[in-house]
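Both backbone and side-chain heavy atoms feed into the values below; hydrogens, waters and symmetry mates do not. Note on naming: letters A, B, ... go to the chains in the order of the sequence lines (proteins, then strands), and numbering restarts at 1 for each one.
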Protein chains: 2
Amino acid sequence: MNDLTGKRKPGAERKTSRTASQPAKNDRAEDIRLGILADYIGFHLRMAQDASFRAFAHHAGMRDLKPGRFAAMTVISNNPGVTQAELGRAIARDKSSVTPLIQELEGRGLVERQRSPVDRRSIALSLTAAGEETLARLTAHAVEHDRKLDEIVGDQKAEFINLLKKVADALA
Amino acid sequence: MNDLTGKRKPGAERKTSRTASQPAKNDRAEDIRLGILADYIGFHLRMAQDASFRAFAHHAGMRDLKPGRFAAMTVISNNPGVTQAELGRAIARDKSSVTPLIQELEGRGLVERQRSPVDRRSIALSLTAAGEETLARLTAHAVEHDRKLDEIVGDQKAEFINLLKKVADALA
DNA sequence: TATTGTTATACTCTATAACTATA
DNA sequence: TATAGTTATAGAGTATAACAATA
């Protein structure tokens, strides 16, 4: 089912004829053999995530977006009062990575922080009105972006997401 | 089909009871709502890729592995004489990112570079004997790692990879 | 003019470790 | 002892731009 053997002939010179258009667009093919990589889930996972990330960033003009911010804000919006530690676990990031992220959002007036009266070590997060507005705008962008992905996967979306979740959970 | 509305009650204090075990393990759940994220292909793509990457790196002991090196070496092995530009396109990386990667591999005696007699701008890449040996060893690790993924996706592997490829290609 | 490869540079993301304040 | 959050720091990965050589 997999081509692990066939190697390209060394002597065969191939002139590159594809236009570069953009930095590292998915311009592969040329006739490059991926070998065992072709059957590698991990490899394709990386290629797909990479393409998705670039498209997302590009689509939003790279202005205020950034997938990480969007995810964090969505979680906060849906879980007002969530702590930084909880947020970190939800998006699989260390707490030391969450700190600067929240600081940026707070600095931009999108997130509010409030010491929990119950456990004074932790900080309850919530979006400001401006934060909710911004999130709504970002969501509109994101929805449009994901629509492309939806078209691509079609009616297999639920199945696709389910597989992705299983991978993430199983390897956790 | 998706819960875009339900927000957690702000007042509800939740004590964190999960062990941290490791940095950012997939310890989510707690009862955090992902909102629109739950239906987002891009988000799950990132979570799955992230988990896969960590597991891969961890499994190989982080010694000499690194997914990027493995992918590059596999491509070179399967395409002796491939140029750096072609390699970059195959793995979706800019040529300026390929240079240091190849330099490292060459420095470790795993890759050989040879000016193409046909097009003297480009450099033909190939693995040394030591490179092939190393690749074989890495492949053994990688195969074992991907086996876990195989178990997870089961008989839907072909379909899964196909979807990932479509995503990568369509967004290129 | 366009492409290959190199270099210099800078940016983003992330983690580790050490620290404090709480629990 | 363990957890929440901060800070300092470092590493990995990547891209942009400019350049020389070649096409």
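Rounding to the nearest 0.5 angstrom, the gap separating the CZ atom in A/R89 from the NZ atom in A/K95 is 10.5 Å.
The nearest whole Å value for the distance from the NZ atom in B/K95 to the P atom in C/dA2 is 14 Å. In this entry the distance linking CD1 of A/I123 with C1' of D/dT7 reads 14 Å, nearest Å. If you measure from atom CD of A/Q49 to atom P of C/dC13, you get 12 Å, rounded to the nearest angstrom. Rounding to whole angstrom units, CG of residue B/L101 and C1' of C/dT4 are separated by 16 Å. Taking atom CG of residue B/L87 and atom P of nucleotide D/dT14, one finds them 12 Å apart after rounding to whole Å. The CG atom of A/D50 sits 14 Å away from the C1' atom of C/dC13 (whole-angstrom rounding). One interatomic measurement links the two molecules: CD1 of B/I102 to C1' of C/dT4, which rounds to 14 Å at whole-angstrom precision.
Dashed line: the shortest gap from a side-chain N or O of B/Q103 to OP1 or OP2 of C/dT7 is under 4.0 Å. OP1 or OP2 of C/dT6 has at least one side-chain nitrogen or oxygen of B/R113 nearer than 4.0 Å. In this structure, B/S97 does not reach the D/dG13 phosphate: none of its side-chain N or O atoms is under 4.0 Å from OP1 or OP2. One finds no side-chain N or O of B/Q84 lying less than 4.0 angstrom from the OP1 or OP2 phosphate oxygen of C/dT3. At C/dC13, none of the side-chain N or O atoms of B/R46 fall inside 4.0 Å of OP1 or OP2 (strictly under the cut-off).
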Residues 146-156 of chain A, side-chain donor-acceptor partners within the protein, below 3.5 Å, at least two apart:
unit_1, atom_1, unit_2, atom_2, d
A/D146, OD2, B/I41, N, 3.3
A/D150, OD1, A/K157, NZ, 3.0
A/D150, OD2, A/K157, NZ, 3.2

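Shown here are the side chain to side chain contact (heavy atoms under 4.5 Å, CB included) partners of A/S126, two or more places apart in sequence or in another chain: A/E112. Listed by chain and residue number, nothing satisfies the salt bridge (Lys or Arg N to Asp or Glu O under 4.0 Å) test with B/R120 (two or more places apart in sequence, or in another chain). A search for side chain to side chain contact (heavy atoms under 4.5 Å, CB included) contacts involving B/Q84 returns B/V98, B/T99, B/I102, B/R113, B/I123, B/L125, not counting sequence neighbours. By the side chain to side chain contact (heavy atoms under 4.5 Å, CB included) test, A/S97 pairs with A/R93, A/D94, sequence neighbours left out.
Of all nucleotides listed (C/dA15, D/dA4, D/dG13), D/dA4 comes nearest to the side chain of A/S122. Picking from D/dT16, D/dG5, D/dT7 the nucleotide with the shortest atom distance to the side chain of A/S96 gives D/dT7.
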Between the protein and nucleotides 20-22 of chain C, which nitrogen or oxygen pairs come in under 3.5 angstrom?
unit_1, atom_1, unit_2, atom_2, d
C/dT22, OP2, A/R120, NH2, 3.3

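Smallest separation of non-hydrogen atoms from A/S52 and B/G42: OG-CA, 3.9 Å.
Among the atoms of the strands shown, base atoms are found under 4.0 Å from some heavy atom of B/T99.
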